Amino acid sequence: MSRKRDKKSTLRLRQQAKLFPGYILLILWCVFIFVMLGWIVIASLSTTKELFSDALLESGFHWENYAYAIKNGHLITSFLNSLLYSSASVFFSILICAPAAYGLARFHFKLNETIRRLLVVGLGVPGVMIIMPLFSIVSALNAGNSKITLIILYVVTSIPFCTFYLLPAFADISPSYEEAAAIDGCGPFRTFWTIVFPLAGTSVTTLVIFQFIGKWNEYFMALIFAGSTENMSLSVALYQLIVAMTREGGWSGMFAAVAFVSAPTIILYVLLSKKIIGGATAGGLKG
Amino acid sequence: MRQKKSTLFMFIAPAIILFLVFFCYPVLRTFAMSFFDAAQMSSKVSTWEFVGLNNYFALNSTSFPGALTMLFKVWLFCGIIVFVAALLFAVMLTSGVYGKGFFRSMLYLPNVIPQIAIGYMWTLYVFSSRFGMLKRVFTAIGWEAAANFAWTSPDNMFLSMCIAYIFSSTGYFVLQYMAAIEAIPKSLYEAAELDGASKIAQFVQITFPLIRNTLVSSITLWTSRVCGFFALSRVFASASTVSPLMYIYNVLFGTESSNTAVGVGAAASVVVALIVVVAFLVSNLIPKNNDIEL
Amino acid sequence: MKRIVSLLLVLLMSVSLLSGCGGTGTTETSKAPDTTTSSAPEVKGPNENSTLNADITFWSSYTESSNYGQCIAAAADAFMKENPGVKITISFQGTDISSTLGPALQAGNNITMFEANSDNVIRLWNDYLMDLGDFYAATYPQTDGKPYSESIVPAYEILAKDQGNGKYVYFPYTPQFLNVWYNKDIFDACGITEKPKTWDEMMDVCATLKENGYTPFTSDQNHIDYNLSLYLERLLGADGADELANGDGSAWDDPAVLDAVKKFEDAASKGYWADNIMTVVVPEARQELVIDRKIAMYICGSWMPNNVRESAGDDYRWGSFTYPLAENGADDGSSLCYGCYGISINKNATPEEAEACAAFAVYLTLGEWGDYLVQTCNAIPISNDPNAKWPDMIADAEHIYDGITTRWPAHGHLRSNGDFLPTFQSACTKLYGGAMTAEEFVAECRAYFK
């Protein structure tokens, strides 16, 4: 009995020893991230002179760097804006694409194949192709300075991917559920949202998470359609702030801005890491 | 179940109409615009002046061809490194290391930080020739040549940007590959183990064929990610890091020292779009491995 | 999953509520600028006679955090107090304004007035500029009974008319020019008393500096082209320099260009640029210049000393000289890269709005607030008042305009091709850093034009 356990543990040990180079790589990666983030926080609390003379934190903690960055960069406003853009666009793209994916997966009709092909091509067309005409539409509607523009843009550019991503998930669900619901006198929409949609849960979660992160980090369209101070997203605000600070030379302030912009997502991520990663991997990637 | 036309319509209409109005129409209009000379993005179609392929020829004497080459290099080199690294990490994490969940989270962490912030972390700190992390570390271990490496010089800016990009992209693919590997039944490995197959043999004979579909679709994903390359281009500003999107942005909106040329911008967009669409179609042609059903 | 989706929903709703009511980022700040050099003008009560009545949106090319931004915001507050009928909303765009304002104007946003480098105003937004002729002829409380056109430095009145093709389309302020800025203490310590007038004299100065253990030049990436491009301007003149940037590339085949670049290669080989010139990340070089005080010179615009004032401290003494002449150059020193910022009014503004905009533009740039702007932001006065004093920080450059008859663009001709600029800048970096020969430099620039 004990010999068996010994054998098992030596086997484990040998297995772990084989993984040794792997551990080194992984630990290096982690140390790198910790040092980088840690140093940036420390630098953000020092003065520019201290930074250049290698005397970090010599004169104590300079929290005013953060106050300065947050106020001048409108970082609170842009944080809320980013939250709005990401959550609203994800919400609406699911609301619009889930039924479409279901429709394409379930119903057989003449244009089904054509629509699918169109969406595949749409997957490949980069967003830059639609920017100019949308810009002129927006100009004509005088909506250049509105938060809704960017949300609509995020939603429409997500349609091909979201629809395509959810298609196999709905195709995998047995039609017997809907048949049962139909017998109970449940309308097609109610059936979809209350019965079918929850069954595709893992795929939807995965999609929500990736879309949310993707929109949170989106920069190109945000720069074009949400450039004004009151509509800026976090990335846009950060870039503008850093460019302004390079003119004025506040290095520690720049680090404060970088730290402040990264902090909320990192904290949220650490807290929810299990859920996020669990969700992100559960759905996986389907071909 | 009986399928009513009206029900079907209600399901797919919102997505299809939005897609047609805000996606297909703009794409066609941009395509048309690339053959015209227009004063502004919002100029009425009646004021456009037909110039044939001139906008495309004009691209040739700008920084756009260089930007395309740059993008291709990012796609190829960063792509290879990201895929290999992600696969390596994924295999490692699925072969029984302690703290798997923690390491997985750390690998994915850079993905949740805005790329603009990632870019500045690298340029302002890690690569700094004055107080940079790399300089400090290499000095501490006495490797002078590496310590003095000019990460932020114009010639090395591209390399430095690629490193930051790889850093921020790898985690995403690690997750995808891990999910795929974990879906493989353990029994296959146990059987191989009994046959005395080495880890490498197991990878080649079991893991790789079974996650092939995921690998193929990750190429498609990678292509569309790379085409949106913009934020790091702006942060690592240098002649060697101008991406096509960056060029298009400059030519559409003007900069401190350049004028706008809307038609040329449209032509550049069309070129980028064509390349991506072709890449997409080609990667869709790669045969899926459907022999193995799990 | 459900929980996440419902969480998202809650977030979504709370966010839309929050940003709905708290999301105004445009500034109507009342924070006074930092008052180290002079105190802000007294804010007066409402002026009974004020008939101005308009809501103005003003886009500025400064950033809110800069002393310019704070000064403009404070002046706007004071102006609104004196003219209760006027409401000014300022949006500080920073230099990004060159890409953001155009689209915003096209999108029909109601931007009544805007300001930026006057070259950019003309180049980028020419379709939206109001003819300010009547406002130039009018008198204002700040002009002492004279028309506005006679209250500003004549050179800038001429420039404004010239840039507007015979029309006045902007109110000039904060004049700027490119020249060589240096640390007077270092020059003194090396016994350099004469400012160099020719390139060769400047090289002698560099040699002296080097002997005394100082580094002659440094530069950040975004200013790195000025040194060589000013030399090329001096050597080839305006047309020649313009041809280099906007021609078909054949101008780079000129052996004179190669010889010029060779001079820089030679200077680089003697170590006249900072060791880290290849790797500095903006604004590292500027900071090192004023913090370490081991580097003597930096070629840049007259705005630069103000930008690094905090790191430099009060005891840093700025010296300045105009870019030296090239041997047998096409230019004899009568040309200068200079310009100014210009405040323009949207041509779609109503007469009431335009009147209020003009009144505010003059209020900000002349009179008490004009003086205040000059002193707090270390700017050059636009006022024609003989008593208008240059700020101490840049006073060493006060006579730079003497004998100038030709104007070059504010940043030089080599910068007029923005698409070429990154190539030129990175080549300059490598040239100064000794990583590139003159031949390679010319070939690289030439290659851009194919």
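Everything numeric here is computed off the predicted structure, so don't read it as measured data. In the text below, chain A, chain B and the rest are named by the order of the sequence lines, each starting its count at 1.
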Heavy-atom distances under 4.5 Å only: say whether [X] touches chain B with side chain, backbone, both or neither.
| X | result |
| --- | --- |
| Ile183(A) | neither |
| Val120(A) | both |
| Pro188(A) | both |
| Phe192(A) | side chain |
| Leu118(A) | both |
| Leu26(A) | both |
| Phe220(A) | both |

Nearest 0.5 Å, what's the [atom1]-[atom2] distance between [X] and [Y]?
| X | Y | atom1 | atom2 | value |
| --- | --- | --- | --- | --- |
| Met132(A) | Ser43(B) | CE | OG | 12.0 Å |
| Leu124(B) | Ile40(A) | CG | CD1 | 8.0 Å |
| Met121(B) | Leu37(A) | CE | CG | 5.0 Å |
| Ile213(A) | Tyr108(B) | CD1 | OH | 3.5 Å |
| Gln115(B) | Glu218(A) | CD | CD | 10.5 Å |
| Met41(B) | Ser136(A) | CE | OG | 9.0 Å |

Answer yes or no: is there a side-chain heavy-atom contact under 4.5 Å between Tyr219(A) and Pro114(B)? no
Any side-chain heavy-atom pair from Arg130(B) and Phe52(A) closer than 4.5 angstrom?
-> yes
For chain A, which of [options] has the most heavy-atom pairs under 4.5 Å?
| options | result |
| --- | --- |
| Leu18(B), Val21(B), Leu28(B), Val97(B) | Val97(B) |
| Ala273(B), Gly228(B), Pro110(B) | Ala273(B) |
| Ile116(B), Ile12(B), Val278(B) | Ile116(B) |

Heavy-atom count check: over 12 atoms from other residues, nucleotides or ligands less than 6.0 Å from Tyr177(A) OH?
no
Q. Got more than 12 heavy atoms from elsewhere within 6.0 Å of CG, Leu271(A)?
A. yes
Point to revise | side chain to side chain contact (heavy atoms under 4.5 Å, CB included) evaluation trace for Leu223(A) with Tyr249(B) | key: CA-CA 10 Å; Leu223(A) 179 66; Tyr249(B) 179 80; 3.4 Å; yes
With a 3.5 Å distance limit and no angle check, can you tell me whether [X] reaches the backbone of [Y] through a side-chain donor-acceptor pair?
| X | Y | value |
| --- | --- | --- |
| Tyr269(A) | Ser105(B) | yes |
| Thr30(B) | Ile130(A) | no |
| Thr265(A) | Val112(B) | yes |
| Tyr23(A) | Tyr98(B) | yes |

Over 60° means perpendicular and under 30° means parallel, so classify the ring planes of Phe107(A) and Phe11(B), tilted if in between.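 Tilted, since the angle between the ring planes falls between 30° and 60°.
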With a 6.0 Å cut-off on the ring centroids, do Trp29(A) and Phe103(B) count as close?
no
Please tell me whether Phe210(A) and Tyr172(B) form a close aromatic pair, meaning their ring centres lie under 6.0 Å apart.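 Phe210(A) vs Tyr172(B): aromatic centres under 6.0 Å.
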Pair count under 4.5 Å, heavy atoms only, with chain B: among Ile224(A), Ile266(A), Leu104(A), Ile137(A), highest is Ile224(A)
Greatest number of non-hydrogen atom pairs under 4.5 angstrom with chain B, of Tyr239(A), Trp216(A), Phe189(A), Phe135(A), falls to Tyr239(A)
- Verdict with supporting geometry, Phe131(B) and Trp251(A), ring pair (Phe, Tyr, Trp, His ring centres under 6.0 Å): CA-CA 12 Å; Phe131(B) 39 66; Trp251(A) 274 58; 5.7 Å; yes
Check: What's the verdict on side chain to side chain contact (heavy atoms under 4.5 Å, CB included) for Ile242(A) and Tyr120(B), showing C-alpha distance, side-chain angles and the deciding distance?
Finding: CA-CA 9 Å; Ile242(A) 295 218; Tyr120(B) 281 122; 3.5 Å; yes
- Task: Just do the side chain to side chain contact (heavy atoms under 4.5 Å, CB included) check on Val125(A) and Val276(B) with the steps written out, would you?
- Result: CA-CA 7 Å; Val125(A) 175; Val276(B) 192; over 6 Å; no
Report the C-alpha separation of Phe32(A) and Val126(B) in whole Å, then their side-chain angles, then the decisive distance to 0.1 Å, and conclude whether the side chain to side chain contact (heavy atoms under 4.5 Å, CB included) test is met.
CA-CA 10 Å; Phe32(A) 174 79; Val126(B) 180; 4.1 Å; yes
